[in-house]
There are 2 protein chains.
Amino acid sequence: MNLRELSQVLGLSQTTVSRALNGYPEVSEATRQKVAAAARKHNYRPNTRAKGLATGRAMAIGHVIPVSSQHEVVNPVFADFIAGAGEIYARHGYDMMLSLTGNREEARLYRDLGAKRSVDGIIVHAPRVEDDRLDLLQDINLPFVVHGRFGGPTDGYNWLDMNNRRAFARATGFLAELGHRRIALINGLESMDFAARRRDGYLEALNNHALSPDPALMVSHEMTEFNGYDATLALLDLPCPPTALLTSSMISALGVRRACHERGLVMGRDISLISHDDDLSYFRNGGRVPDFTSLRSPVRDHGRRAAEMLLRVIDDPDSTPITELLEAELQIGLSTGPAPAPLRPARQG
Amino acid sequence: MNLRELSQVLGLSQTTVSRALNGYPEVSEATRQKVAAAARKHNYRPNTRAKGLATGRAMAIGHVIPVSSQHEVVNPVFADFIAGAGEIYARHGYDMMLSLTGNREEARLYRDLGAKRSVDGIIVHAPRVEDDRLDLLQDINLPFVVHGRFGGPTDGYNWLDMNNRRAFARATGFLAELGHRRIALINGLESMDFAARRRDGYLEALNNHALSPDPALMVSHEMTEFNGYDATLALLDLPCPPTALLTSSMISALGVRRACHERGLVMGRDISLISHDDDLSYFRNGGRVPDFTSLRSPVRDHGRRAAEMLLRVIDDPDSTPITELLEAELQIGLSTGPAPAPLRPARQG
DNA sequence: CAGGAAATTGAAAGCGCTTTGAAAATCGGG
DNA sequence: CCCGATTTTCAAAGCGCTTTCAATTTCCTG
């Protein structure tokens with residue numbers, strides 16, 4: 001059933017039917033009712049493509065998800081981010097289009113999106129420290145919002161990010177104040193911007209507490225359970241092992257915990273751990289009292305906010321760039337405690 | 001740059017340019033070259049909506065992902081499934097459209113997809129035992145492929161599933177043959193078809209080994225690490241605890257392992273575990289020798305196959321239903337061993 | 001070199017919708 | 001009851017592409 005057929009059924013012109021359905025004021029209430037009833041009865045929905053062609057709007061948002069070519073890995077945070085964004089799109093009648101791409105064809109994909117006009121805007125995921133996408137994006141003529149930030153200047157485009165630097169400085173400082181002097185960082189891939197900022201925050205806090213960074217305590221990997229486990233074992237095998245760990249994801253934190261248990265260490269007593277926590281639906285952090293002390297920053301909420309931001313930008317393309325910096329919440333759980341005795345934290349100061 | 005402009009630049013008709021770009025034979029090689037060069041130079045891509053309107057094809061596939069309204073949970077297997085499907089779509093020039101929906105608006109969403117014609121076919125996720133979607137899907141006129149099967153008759157529609165029943169029968173049998181008599185099942189939500197079939201396979205194998213099922217050993221939950229942990233602790237607290245466990249997901253298996261460690265049980269010696277393993281990129285099962293004995297069935301591969309199947313159906317809509325039943329591979333790892341002595345397995349038979 | 005066949009190009013209609021500009025119907029006031 | 005103002009409706013153009021059918025050009029053969 002298309003518009004022509006529907007209007008024939010009603011004995012009205014396409015114009016009137018279209019207007020009635022789209023809420024234009026110049027159609028009488030009586031006919032509007034009739035039209036609405038007929039549309040419902042015949043299960044009429046305007047053809048997306050035709051509508052898009054006529055209005056110049058696709059009513060769709062593109063998400064470009066880089067698939068790390070190294071390990072062909074799909075980050076589970078996308079699932080939650082997209083769930084959040086999807087809520088907003090649904091509410092505003094937008095569809096969500098997903099493109100997965102390796103680094104190779106990335107440029108072509110963005111140009112395609114720009115030229116094919118199948119979406120009204122895009123959300124850019126997983127910005128890297130060195131990333132040539134910014135120029136590209138500014139070149140193709142499509143509104144976009146970045147989840148995170150690119151390395152380099154952070155103005156001139158729309159982004160939504162959490163304050164990775166401050167969060168990790170905060171957590172590191174918290175551990176230092178508990179008397180820990182050897183604090184390890186189990187980070188994500190530091191070619192990713194978020195991981196680089198976390199490292200910077202970590203280093204900044206070490207510096208503020210007069211602790212000198214030790215490269216042996218800083219590792220950077222894809223954030224899997226397995227990597228968290230491996231990294232922790234290696235760290236514990238060090239001649240002078242850390243007494244506290246900082247990890248970039250709940251998933252690696254699971255591996256950290258496993259390694260610690262395996263070595264007979266009790267978390268919060270023998271060793272302390274703070275994890276970043278994206279609040280993924282499949283990895284809730286304990287119940288009332290969280291298992292892990294964590295930096296909480298629900299990625300699903302990021303999805304919602306980024307989507308709202310993009311829709312705003314689409315409605316007003318010439319607005320000055322919007323940015324939103326979210327603070328993570330330091331949530332004290334069971335996995336942190338004062339540095340164990342051998343370090344004699346009481347002696348200091 | 002659109003087709004009209006491009007053809008004006010070239011001094012050719014739109015017809016010829018369109019034909020040249022789409023590889024029709026009735027255009028001379030010379031002009032084809034010229035057209036291709038100009039298109040490249042001006043970065044021309046046909047407008048998706050216009051092309052779709054003219055051809056009647058959206059060149060897009062819809063994925064409808066139910067969001068479990070109970071806990072607002074997005075299953076991480078979707079990420080990998082979609083990565084697999086996305087590969088195939090990209091290769092064939094299709095886009096991927098995602099819709100997330102709670103059970104409430106499900107029916108309306110499918111009807112929308114059918115009527116709006118914004119996709120050429122859909123992949124249906126997470127079929128339930130009781131599921132009214134089959135009628136709905138047959139009603140709206142769109143090709144579809146189900147990942148999994150609905151409860152009830154399994155013919156008359158296209159699906160791709162793993163042999164859940166046989167896999168779990170196999171694993172249960174394997175444990176029974178190791179002498180285990182108290183085998184617990186930590187299943188996913190048994191309102192889901194896959195989980196119901198797994199339970200059936202488990203029961204079938206128990207029966208074949210003359211073991212009577214014990215409701216206290218069968219639990220059914222959302223498959224999170226936390227639930228796996230909780231369930232295992234509860235099972236171990238039973239007056240007569242299980243000596244072997246079967247779990248429906250690597251993620252819950254992580255929780256199972258944690259609970260076991262916490263109770264000082266060594267996996268493969270004091271207690272055995274077989275996990276289903278979707279081979280998710282963030283939860284690889286150990287290295288050369290897998291940590292867990294597991295039923296391996298890579299969901300990313302399912303995604304690829306389901307996508308290929310759907311494209312085939314779209315090309316030939318009147319074909320008889322295609323179905324594909326994949327067998328999981330039982331992969332022996334370190335988490336299984338003979339039942340511990342107290343049960344005296346040697347006595348039997 | 002004529003003439004028909006084959007190869008190549010083009011004009012125009014159509015896909016299903018929105019929207020402009022014009023026409024028809026209705027209304028209110030003298 | 002008539003006329004201008006206001007509502008309400010409609011015909012037709014246009015969005016950017018494909019495709020049918022017709023026109024033109026090129027080629028080959030006798």
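Every chain is numbered from 1, with letters handed out A, B, ... down the list of sequences. Model, not experiment: these values are computed from the prediction.
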> Among residues at least two apart in sequence or on other chains, which ones pass side-chain contact (heavy atoms from CB on, under 4.5 Å) with D139(B)?
R111(B)

> When the distance from CG of L10(B) to P of dT9(C) is rounded to whole Å, what number comes out?
12 Å

> To the nearest 0.5 angstrom, please state how far the CG atom of D95(B) sits from the CG atom of L98(A).
10.0 Å

> Once you round to the nearest 0.5 Å, how far does NE2 of H302(A) lie from NE2 of H147(A)?
5.5 Å

> Choose from dT18(C), dG16(D), dC17(C) the nucleotide whose nearest atom is closest to any side-chain atom of N2(A).
dC17(C)

> With nearest nucleotides of DNA chain C determined for A54(B) and E29(B) from heavy-atom distances, which residue corresponds to the more 5′ nucleotide?
E29(B)

> Can you list the residues that meet the side-chain contact (heavy atoms from CB on, under 4.5 Å) rule with R4(A), with sequence neighbours excluded?
N2(A), Q8(A), Q14(A)

> Applying side chain to side chain donor-acceptor pair (under 3.5 Å), name anything that partners E324(B), two or more places apart in sequence or on another chain.
R305(B)

> Hey, which sits more toward the 5' end of DNA chain C by its nearest nucleotide, P46(A) or P25(B)?
P25(B)

> In whole angstrom, what separates M59(B)'s CE from dC15(C)'s P?
21 Å

> Heavy atoms, side chains only, cut-off 4.5 Å: are L136(B) and E106(B) in contact?
no

> Using whole Å, report how far CD of Q8(A) lies from P of dC17(C).
12 Å

> Could you list the residues that satisfy side-chain contact (heavy atoms from CB on, under 4.5 Å) with S13(B), not counting sequence neighbours?
T15(B), T16(B)

> In degrees rounded to 10°, what angle is found between the helical axes fit to the five outermost pairs at each end of the helix from dC1(C)-dG30(D) to dG30(C)-dC1(D)?
50°

> Once the angle between the rings of F81(B) and H63(B) is folded into 0 to 90°, is it parallel (under 30°), tilted (30 to 60°) or perpendicular (over 60°)?
perpendicular

> Which whole-number value in Å describes the distance from Q14(A) CD to dC15(D) C1'?
15 Å

> Could you check which of dT9(D), dT8(C), dG16(D) has an atom nearest any side-chain atom of S28(B)?
dT8(C)

> With a 4.0 Å cut-off on heavy atoms, is S18(A) in touch with a base, just the backbone sugar-phosphate, or nothing at all?
base

> Just the rounded figure in Å: distance from P of dC17(C) to CG of L6(A).
9 Å

> Atom CG of L3(A) to atom C1' of dT18(C): distance rounded to whole Å?
9 Å

> Is there a side-chain contact between K51(A) and the phosphate of dT18(C), meaning an N or O under 4.0 Å from OP1 or OP2?
yes

> With respect to the side chain of Y24(B), which nucleotide from dT18(C), dT19(D), dC17(D) is positioned closest?
dT19(D)

> Are D278(A) and R300(A) close enough for a salt bridge, meaning some N to O gap below 4.0 Å?
no

> Measure up the Y94(B) and Y89(B) rings against each other and bin them: parallel (under 30°), tilted (30 to 60°), perpendicular (over 60°).
tilted

> Return the 5'-most residue of the pair T55(A), T16(B) with respect to DNA chain D, ranking by each residue's nearest nucleotide.
T55(A)

> Counting just side-chain N and O atoms, does Y44(B) come under 4.0 Å of either OP1 or OP2 of dC17(D)?
yes

> Please tabulate, one pair per line, each protein N/O and nucleotide N/O from nucleotides 20-23 of chain C that are separated by under 3.5 Å, including the distance.
unit_1  : atom_1 : unit_2 : atom_2 : d
dT20(C) : O4     : R19(A) : NH2    : 3.2
dG21(C) : O6     : R19(A) : NH2    : 3.4

> Could you state the CZ-P distance from R45(A) to dG16(C), rounded to the nearest angstrom?
17 Å

> How many whole angstroms separate atom CG of N22(B) from atom P of dT19(D)?
8 Å

